[in-house]
There are 2 protein chains.
Amino acid sequence: MSQQRHGNTPGNADGGRAGSVTAFPDLPEATIARLPEYLRALHNLGEAGADTVSSEGLAAAAGVNSAKLRKDLSHLGSYGTRGVGYDVALLIDQIEYVLGLDQRRAVCLVGLGNLGHALAGYDGFASRGFKIVALFDADPSKVGEEIQGLIVRHIEELGRVAVEENIAIGVIATPAGAAQAVADVLVDAGVTSILNFAPCVLSVPSGVDVRKVDLAIELQILSFHEHRKASLTALPGGRSATAAGNQEAVGS
Amino acid sequence: MSQQRHGNTPGNADGGRAGSVTAFPDLPEATIARLPEYLRALHNLGEAGADTVSSEGLAAAAGVNSAKLRKDLSHLGSYGTRGVGYDVALLIDQIEYVLGLDQRRAVCLVGLGNLGHALAGYDGFASRGFKIVALFDADPSKVGEEIQGLIVRHIEELGRVAVEENIAIGVIATPAGAAQAVADVLVDAGVTSILNFAPCVLSVPSGVDVRKVDLAIELQILSFHEHRKASLTALPGGRSATAAGNQEAVGS
DNA sequence: AGGCGCTTGTGAAGGCGTGCACAAATCGCG
DNA sequence: CGCGATTTGTGCACGCCTTCACAAGCGCCT
Ligand SMILES: NC(=O)c1ccc[n+]([C@@H]2O[C@H](COP(=O)([O-])OP(=O)(O)OC[C@H]3O[C@@H](n4cnc5c(N)ncnc54)[C@H](O)[C@@H]3O)[C@@H](O)[C@H]2O)c1
Ligand SMILES: NC(=O)c1ccc[n+]([C@@H]2O[C@H](COP(=O)([O-])OP(=O)(O)OC[C@H]3O[C@@H](n4cnc5c(N)ncnc54)[C@H](O)[C@@H]3O)[C@@H](O)[C@H]2O)c1
């Protein structure tokens, strides 16, 4: 059983960083993960009427350290003006280009149960560069149902439709037991990026990227911190003055 | 990562005791994030009838490197037997204890729209140590609705109910514009852990942990890799080999 | 009892990411 | 036209995390 993890740094001794031949300077993975956050903050600022923004201001809006933000952006090139800041519109274009959002990507969703319905009805995709073009399920009673203007198709059609619609990203919202099988179907159909909501590890060939979202893991991490905090507050002193309310305000 | 860092240990040099009186050795953040994955894998193995498991086997099931797994577990203490492996049941108990899952934690959910309904109906919470004890919304037309045996209450009741039910974790599934206000209400009610699904940065006092789940960010990260992969296959040769060809930056 | 194979636990090395601190660059104004 | 205020871009040091490699420990078989 070789479960391949996405991304590079698989083993190590192998061919090494395959990503170095791209048209981009290799961006650190940590930077890539923050770019979408900067982009969202920039859109907010733009809608608020800002033409330019300083690294300090943008960092605050994105919830990061300003030095980190500057270093992240410097990896994309020099799009700031010293003494002034960054041009909001220009930076938006640049980040969208790097993230490949200038071309609206086609997404398919597999598994239209509880979660799948919510995702299908989510308007946050379209506004962020994605378009759900197909829905699939294995349950005959679900096939044919219309959701948000799309008809649920049987998963057997996935191979054909994926090619027709040029689907690059697949979202899995099936039970864990079916997730690997669905992933295999997606990979066979040529899908090279998968977002997995099922709580399980997927095994995919190298070259296919998998990202996982697991609610229970998030809650358990919070639980750990609760546990730790509880063991701390066992000390005297009790709660400090928190009844007053929030003190922090989002700057600018 | 989220904007809020919990890490204290301002100085460093914890030559042993340090000021923290907690019952735990300080676990690295990265380790904590992986423990839930190990736990899930262990439950699967246990249900499959395994009594013990080697680091190699568990690592494969959890999708990580075996050395990393051993180091992670070594932080909890020595619960393995050399030449044999780890006792599945014992390790489950141990991890659950560390994560604070032995006490079922009360969770409340705010915002019962599209996503909130799916979350409320999700049975993966109960099976992983959590119990949704209350639902809140601000929309009068939603208040009173029964979902999975719970009645949706008005958010103004949150303060009272949170204390009554001893709620430690709040989940925000409202639009981004309302998220900060909801977070403030949760904090005032004594909730010290928040899971935020709204695409925005939350500002909370120190001592409160926030974790964020943002679908669009996940998709955008995948999009970047798609973009990168596409620019690779655009090159002549096509093969994955990193033949000749040096990197070249996009002209600016 | 002793040897042998297997697995854990860990020391050490290297890579990655973060944040400080500051020089370089640009604008606005007198 | 030059000067000061401001902000970017980055060299550098430090700490965290990952990974390798191996000695120590354990059980089983002869
Ligand atoms: N509901 C939530 O809030 C939530 C939250 C976090 C994670 N999840 C995870 O998301 C997944 C889906 O959750 P859910 O609550 O929507 O479950 P669900 O049972 O309501 O829906 C699952 C859907 O997948 C379909 N399906 C099953 N096998 C399939 C296959 N082989 N091919 C195609 N479709 C198939 C089913 O017909 C059903 O429509 C689960 O893995 C769950 O653990 C759900
Ligand atoms: N639907 C999805 O699949 C999805 C996916 C990812 C992220 N999100 C995010 O999750 C959030 C909710 O998404 P949704 O699709 O469920 O939206 P929605 O509009 O369907 O539901 C929002 C709910 O929050 C309630 N609400 C609004 N203001 C409130 C307040 N101040 N206090 C309490 N309740 C309040 C509304 O009455 C409504 O019921 C959004 O921020 C969205 O961006 C949704």
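Proteins get letters first, then strands, A, B, ... in listed order; numbering begins at 1 in each. Here the structure is a predicted model, which is why all the values come from computation and not from measurement.
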### Query
Looking across every strand, which nucleic acid part, if any, lies under 4.0 Å from B/T31 by heavy atom: base, sugar-phosphate, or nothing?
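Counting heavy atoms under 4.0 Å across all strands, no contact is made by B/T31.
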### Message
Need one value for A/S66: base, sugar-phosphate or nothing, where a base atom within 4.0 Å counts as base even if backbone is also close, heavy atoms only.
### Response
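Since no nucleic acid heavy atom lies under 4.0 Å of A/S66, the category is nothing.
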### Task
Evaluate the side chain to side chain contact (heavy atoms under 4.5 Å, CB included) criterion for residues A/E37 and A/V64: first the C-alpha distance (whole Å), next the side-chain angles of each, then the deciding distance (0.1 Å), finally the verdict.
CA-CA 10 Å; A/E37 197 74 55; A/V64 302; 5.8 Å; no
#### Entry: A/R82 or B/K71, whichever maps to the more 5' nucleotide of DNA chain C
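That would be B/K71.
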### Task
Between B/T81 and A/R70, just flag the one whose closest nucleotide in DNA chain C comes earlier from the 5' side.
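The residue mapped nearer the 5' terminus is B/T81.
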### Query
If we ignore angles and hydrogens, is there a donor and acceptor under 3.5 Å between the side chains of B/S193 and B/D209?
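Absent: no donor and acceptor within the cut-off.
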### Query
Quick one: ring-ring contact (aromatic ring centres under 6.0 Å, His included) partners of B/Y122, sequence neighbours excluded?
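B/Y122 satisfies ring-ring contact (aromatic ring centres under 6.0 Å, His included) with B/F125 once adjacent residues are dropped.
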Let me know the distance between [atom1] of [X] and [atom2] of [N], rounded to the nearest Å.
X     : N      : atom1 : atom2 : result
A/K68 : D/dT8  : NZ    : P     : 17 Å
B/D87 : D/dG27 : CG    : P     : 13 Å
B/E29 : C/dC16 : CD    : P     : 22 Å
A/L76 : D/dT10 : CG    : C1'   : 15 Å
B/L91 : C/dT8  : CG    : P     : 11 Å
A/H75 : D/dT8  : NE2   : P     : 16 Å
B/L69 : D/dC20 : CG    : P     : 14 Å
A/D26 : C/dC16 : CG    : C1'   : 13 Å

### Task
Measure across B/H227 and A/V98 and return the closest heavy-atom pair with its distance rounded to 0.1 Å.
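It is ND1-O, 3.2 Å.
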#### Entry: Donor-acceptor contact present, side-chain A/R105 to main-chain A/G100, <3.5 Å
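Confirmed, A/R105 side chain pairs with A/G100 backbone.
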### Task
Find which nucleotide of DNA chain D each of A/V84 and A/S74 is nearest to by heavy atoms, and output the residue with the more 5' nucleotide.
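Whichever sits nearer the 5' end wins; that is A/V84.
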Kindly say if [X] contacts the phosphate of [N], meaning a side-chain N or O under 4.0 Å from OP1 or OP2.
X     : N      : value
A/Y86 : D/dG9  : yes
A/S54 : D/dT7  : no
B/N65 : D/dC17 : no

### Message
Side chain of B/A67 only, heavy atoms from C-beta on: which candidate in D/dT18, D/dG27, D/dT19 is closest?
### Response
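Nucleotide nearest to B/A67's side chain: D/dT19.
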